[in-house]
Amino acid sequence: MVHHKGNTCFPEPPHMRAAAALLCLTLTACTQFPELDDTVSPSVQAADFPALLPLEPLMARAAPVVSDPVETTQTLEARVSALRARARALQRRSIVDPATRARMLAALS
């Protein structure tokens with residue numbers, strides 16, 4: 001990787017990445033992990049596991065996803081075109097009305 005500093009470019013020393021990775025690993029090794037076993041209430045510990053449902057009936061009830069890639073592409077291209085046109089219109093519009101602009105210019109002179 002090349003870093004730019006002013007008008008000069010200098011390569012990143014290869015050992016800097018290794019040193020940074022080693023530092024991150026060392027810092028994470030010093031982390032105190034909370035005791036999570038004590039945070040679960042006895043009623044939750046005694047509760048039964050939820051019933052697992054077969055996947056087939058759930059998939060049968062789901063609405064099938066049918067999309068035509070050509071139609072999707074055309075829809076997205078139309079949206080992009082509309083958004084770009086809107087952006088151009090907003091860029092051409094003046095934010096400050098003429099009366100306010102005249103007052104601002106008069107205050108600056």
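Hydrogens, waters and symmetry mates play no part in the numbers below; they use all other heavy atoms, side chains included. Quick note: residue numbers are just sequence positions, from 1. Worth saying up front: this structure is predicted, and the values here are computed from it rather than measured.
Under a cut-off of 6.0 angstrom, the local environment of CG in Leu108 is crowded, with over 12 non-hydrogen atoms contributed by other residues, nucleotides or ligands.
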Please report, to 0.1 Å, the donor-acceptor pairs under 3.5 Å made by any side chain of residues 82-93, with sequence neighbours excluded.
none

(request) Could you walk me through whether Leu27 and Leu23 pass side-chain contact (heavy atoms from CB on, under 4.5 Å), step by step? (result) CA-CA 6 Å; Leu27 290 175; Leu23 177 66; 4.1 Å; yes
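Atom OG1 of Thr100 sits about 11.0 Å away from atom CG of Leu105, to the nearest 0.5 Å. In this structure, CZ on Arg103 lies 8.0 Å from CG on Asp97, to the nearest 0.5 angstrom.
Looking at Ser81, its side chain never comes within 3.5 Å of a backbone N or O of Glu77 through a donor-acceptor pair.
Nearest heavy atom pair, residue Val40 against residue Val44, reads CG1-CG1, 3.7 Å. For Met104 against Val96, the heavy-atom pair with the smallest separation is SD-CG1, 4.1 Å.
With a 4.5 Å cut-off on side-chain heavy atoms, Leu76 and Thr72 count as touching.
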